[in-house]
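Here is the structure we will look at, set down as structure tokens.
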2 protein chains.
Amino acid sequence: MANIREIARLAGVSVSTVSRVLNNHPYVTPDKREAVLKTIRELDYSPNINAVHLSRGKTNMVGVVLPTINHPYFSELLEGIAEEAMKHNIQLVLFQTGYHQEKEFEALEQLRGHLIDGVIFASRAIPFDSILKYKDAGPIVLCEDSDQDEFPAISIKHVAAFNLGLDYLMSKGHERIAICLGRLEGTNSQKRQKAYEEKMKMIGQNVHGDWILGKCLMIQDGKSVVDRFLQMKEKPTAFLVGNDQVAAGIITETIKQGLAVPENVAVLSFDNHPISEIMGITTIDIPTKQLGTYAFHAFIKRSDDSKYAKKVALPFKLIVRNSI
Amino acid sequence: MANIREIARLAGVSVSTVSRVLNNHPYVTPDKREAVLKTIRELDYSPNINAVHLSRGKTNMVGVVLPTINHPYFSELLEGIAEEAMKHNIQLVLFQTGYHQEKEFEALEQLRGHLIDGVIFASRAIPFDSILKYKDAGPIVLCEDSDQDEFPAISIKHVAAFNLGLDYLMSKGHERIAICLGRLEGTNSQKRQKAYEEKMKMIGQNVHGDWILGKCLMIQDGKSVVDRFLQMKEKPTAFLVGNDQVAAGIITETIKQGLAVPENVAVLSFDNHPISEIMGITTIDIPTKQLGTYAFHAFIKRSDDSKYAKKVALPFKLIVRNSI
DNA sequence: TTGTACGCGTTATCAG
DNA sequence: CTGATAACGCGTACAA
């Protein structure tokens, strides 16, 4: 109800002085500052954020679009973004989409309406062209390996990393390889699946349909992988697994079933999360958190000069442990 | 970049006319309207929402505070709220708290800052006194059976319903009753637990610690209930279950184990969700969706006249089917 | 160090 | 039906 003018009047100062106190500006004598703070307390005043945003011309908030935070990859990515955002005093507005397109558009519309200063796409379901229409609305950052030149894009070459994994398994003598992916219908999964099939064809290895396992996201999914493994007539000798969590689940359940890793089945996964170190899982390090850091930096840069558009591909690295 | 003045200039009209077009006001000649729409399209203009909010003095958005939407009770409550909000053309801003207090305060702070017009607490973790401090910030609605008089409170007498359940089971000859609750540490669970213990003491029934089962939220939790049931040395003859989903899980798993419902174990649950009808589960109808409807109405009323503060307790009702 | 006055982008009131 | 113009609440040159 009360506004900055009211405070100024009661404190016997001008609105600018109140504003200065509110924003911790220097050049306010201690007694005036105290007087202002006192009446602010008395009236239980707090600024109208809309007015602040309007006057400042920005909101210091950026939207982050992701399907879910309940997944090790996205939660770590988000952590990277959040850490940087904190340093720059910028609030994050989460758009958990569950891969629903309307939710992604909601973020873009809020950008257009100046409710947020920018949007970082951790992942997306809407086509590139749709995003392109919002190019002038404000900074947009993509976390993907795209070949466009309109938006900054930070990425990890997931498919190349996947191929490295396959190569390493093969170098260790494995030819009967099964793979565990997340959403099979996702673009990334599709590409990996294709890479897998090509590589298997190269070495003349017959690919069994049941060697491509989907819905492998969390640690508990590892159990069902092993269940399915035990049912297979033709058994693979190795698993290439989308993330460490699932690999940990697989290994735990395998051992529970009286089998041994890597003797009965080898496991190679991705991420190099703490759990892989604890369990001695051979993995390919993916700097997911750093991806978030870079994505946020790209937003900051893009906020400054609008011509900025840069593509960054972060490196991955094989970490050899004992699961192969 | 472009603003309403720019549009007005290019379309050869005044800003008021542009505003009228934007807000679908009548009294604009078709040709002027068309001219405005044309330049809006050409400049890819969209209004600055901050300015709109500031000028209107409200945002037409209300915050909904809940621990998670991934739970049948809350998702149905939310549905009730959302349906009404839609009718009144009001946007919902979700605060998924996971019962973290800071998240709840975030909603209240946004209310203070005029970023939202009101807050509906579907459930809360912060103490009442904390909320009281925000009384003047705007309409706040509680979905709970509280004995205060400051805020409108819509509720279902969960404990009374729970007692009804116990009474009904006892009327059917059951004395060895186990209960399945959600978060055991929650206020509601605590109250139910107390009611349960009192009732059991009344009939001189010894209460076994393992007859009070927690973490029963989703259908899959029903399986672990049955697992635990099978391990019990002293077995109950009936389950009073917090929601239909879990009951469905229990019944399904019970049958899978070669036992029969209600012969080997009776089940009574809450909610009267569709699954209970399909599976013939005796349940106590809880008008959760209606709770949401009423909660939203309370917000609307409270928006009009600020003196309004009302307590509503919605009725529950036993629905007899075949699980007892 | 302080205050005045203007701008931010929109809506609403009120003459015409 | 249309157009000035005053709010809305705040930040900030600029002048003092």
Side-chain angles (χ1 to χ4, degrees), chain A residues 1-37 39-40 43-61 89 109-117 137-138, chain B residues 1-37 39-40 43-61 89 109-117 137-138:
Chain A
M1 212 78 277
N3 59 24
I4 199 174
R5 241 182 324 273
E6 180 87 350
I7 303 292
R9 194 173 56 76
L10 293 180
V13 299
S14 73
V15 291
S16 19
T17 300
V18 178
S19 178
R20 289 192 187 96
V21 172
L22 248 22
N23 299 288
N24 289 316
H25 283 209
Y27 304 130
V28 182
T29 45
D31 54 332
K32 296 219 177 201
R33 176 185 303 278
E34 198 42 60
V36 170
L37 288 175
T39 65
I40 283 180
L43 294 208
D44 192 29
Y45 162 81
S46 80
N48 182 315
I49 305 181
N50 288 307
V52 176
H53 289 342
L54 177 60
S55 186
R56 286 217 172 98
K58 62 176 181 175
T59 63
N60 281 346
M61 305 198 285
N89 232 297
E109 280 303 323
Q110 293 205 9
L111 179 62
R112 260 174 70 110
H114 299 264
L115 246 35
I116 50 181
D117 294 338
Chain B
M1 214 76 281
N3 60 22
I4 199 175
R5 243 182 320 275
E6 181 87 351
I7 303 291
R9 195 173 56 76
L10 293 179
V13 298
S14 72
V15 290
S16 343
T17 300
V18 178
S19 179
R20 288 194 187 95
V21 173
L22 249 20
N23 298 287
N24 288 317
H25 283 228
Y27 306 131
V28 181
T29 46
D31 53 331
K32 294 218 177 196
R33 175 184 305 277
E34 198 40 63
V36 169
L37 288 174
T39 65
I40 283 180
L43 294 209
D44 193 29
Y45 161 81
S46 79
N48 181 316
I49 305 180
N50 288 307
V52 175
H53 288 344
L54 176 60
S55 185
R56 285 217 175 100
K58 62 176 183 175
T59 63
N60 281 345
M61 305 197 288
N89 231 295
E109 280 303 323
Q110 293 204 10
L111 179 62
R112 261 174 69 107
H114 298 263
L115 245 36
I116 50 182
D117 295 338

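To find a chain, count down the sequence lines: A is the first, B the second, and so on, and within it residues start at 1. Just so it is clear, the structure is predicted and the values come from calculations on it, not from any experiment.
Within the 4.0 angstrom heavy-atom criterion, only backbone atoms of the sugar-phosphate kind lie near B/N23; the bases stay farther away. Residue contacts for A/V13: at a heavy-atom cut-off of 4.0 Å it reaches the sugar-phosphate backbone alone, with no base atom in range. Residue-level contact check: A/T17 touches the backbone only, with heavy atoms under 4.0 Å from sugar-phosphate atoms and none from bases.
Legend: residues meeting side chain to side chain donor-acceptor pair (under 3.5 Å) with A/T59, ordered by chain and number and at least two apart, are A/D117. Evaluation of the salt bridge (charged side-chain N to carboxylate O under 4.0 Å, His left out) rule for B/R33 yields no partner, not counting sequence neighbours. Annotation: side chain to side chain donor-acceptor pair (under 3.5 Å) contacts of A/R5 (sequence neighbours excluded): none. The side chain to side chain donor-acceptor pair (under 3.5 Å) test applied to B/D31 returns B/T29, not counting sequence neighbours. Evaluation of the side-chain contact (heavy atoms from CB on, under 4.5 Å) rule for A/L10 yields A/E6, A/T39, A/L43 as partners, not counting sequence neighbours. Annotation: salt bridge (charged side-chain N to carboxylate O under 4.0 Å, His left out) contacts of B/R112 (sequence neighbours excluded): A/D44, B/E109.
Taking atom CG of B/N48 as the reference point, atom P of C/dT10 lies 6 Å away to the nearest angstrom. Regarding B/K58, its NZ atom lies at a distance of 21 Å from the P atom of D/dA7, rounded to whole Å. Per the geometry, CD belonging to A/E6 stands 11 Å off P belonging to D/dG9, to the nearest Å. Note: CZ (B/R56) to P (C/dA12) measures 6 Å, nearest angstrom. Between the CG atom of B/L22 and the C1' atom of C/dG9 there is a distance of 11 Å, rounded to whole Å. B/R9 has its CZ atom 18 Å from the C1' atom of D/dA4, to the nearest Å. Per the geometry, CD1 belonging to A/I7 stands 9 Å off P belonging to D/dC10, to the nearest Å. Per the geometry, NE2 belonging to A/H53 stands 18 Å off C1' belonging to D/dT12, to the nearest Å.
When each of C/dT11, C/dA12, D/dC10 is scored by its nearest atom to the side-chain atoms of B/S16, the top-ranked nucleotide is C/dA12. Among C/dG9, C/dG3, C/dT4, the nucleotide with an atom closest to any side-chain atom of A/V15 is C/dT4. Here C/dG7 is the nucleotide among D/dC8, C/dG7, D/dT12 with the atom lying nearest to any side-chain atom of A/S55. For A/L54, the side-chain atoms get nearest to C/dG9 when compared with the rest of C/dG9, C/dG3, D/dC8. Among D/dT5, C/dT10, C/dT1, the nucleotide with an atom closest to any side-chain atom of A/Y27 is C/dT1.
Atom OG1 of B/T17 sits about 9.5 Å away from atom CD1 of B/I4, to the nearest 0.5 Å. Taken to the nearest 0.5 Å, the CG atom of A/L22 stands 12.0 Å off from the OG atom of A/S16. A/I7 CD1 to A/S19 OG: the interatomic distance, rounded to the nearest 0.5 Å, is 12.5 Å.
Contact between the side-chain N/O atoms of A/N3 and the OP1/OP2 oxygens of D/dG9 is found at a separation under 4.0 Å.
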Strictly under 3.5 Å: I want the nitrogen or oxygen pairs between protein and nucleotides 14-16 of chain C, one per line.
none

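Residues A/R5 and A/H25 both approach DNA chain D. Their nearest nucleotides, taken by heavy-atom distance, put A/R5 toward the 5′ side.
Non-hydrogen atoms lying under 4.0 Å from DNA chain C are contributed by nothing in residues 28-35 of chain B.
The minimum heavy-atom distance between B/K32 and B/V28, with the atom names listed, is CB-CG1, 4.3 Å.
An end-to-end axis angle of 40° holds for the helix from C/dT1-D/dA16 to C/dG16-D/dC1, taken from five base pairs per end and rounded to 10°.
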Just list the side-chain donor-acceptor pairs under 3.5 Å for residues 48-57 of chain B, sequence neighbours left out, or say none.
from  : atom 1 : to     : atom 2 : distance (Å)
B/N48 : OD1    : B/N50  : N      : 2.9
B/N48 : OD1    : B/A51  : N      : 3.1
B/N50 : ND2    : A/H114 : O      : 2.9
B/R56 : NH2    : B/N23  : OD1    : 2.9

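Listed by first and then second residue, the salt bridge (charged side-chain N to carboxylate O under 4.0 Å, His left out) pairs that reach into residues 19-28 of chain B come to none, sequence neighbours excluded.
Between B/V13 and B/V36 the shortest side-chain heavy-atom distance falls below 4.5 Å.
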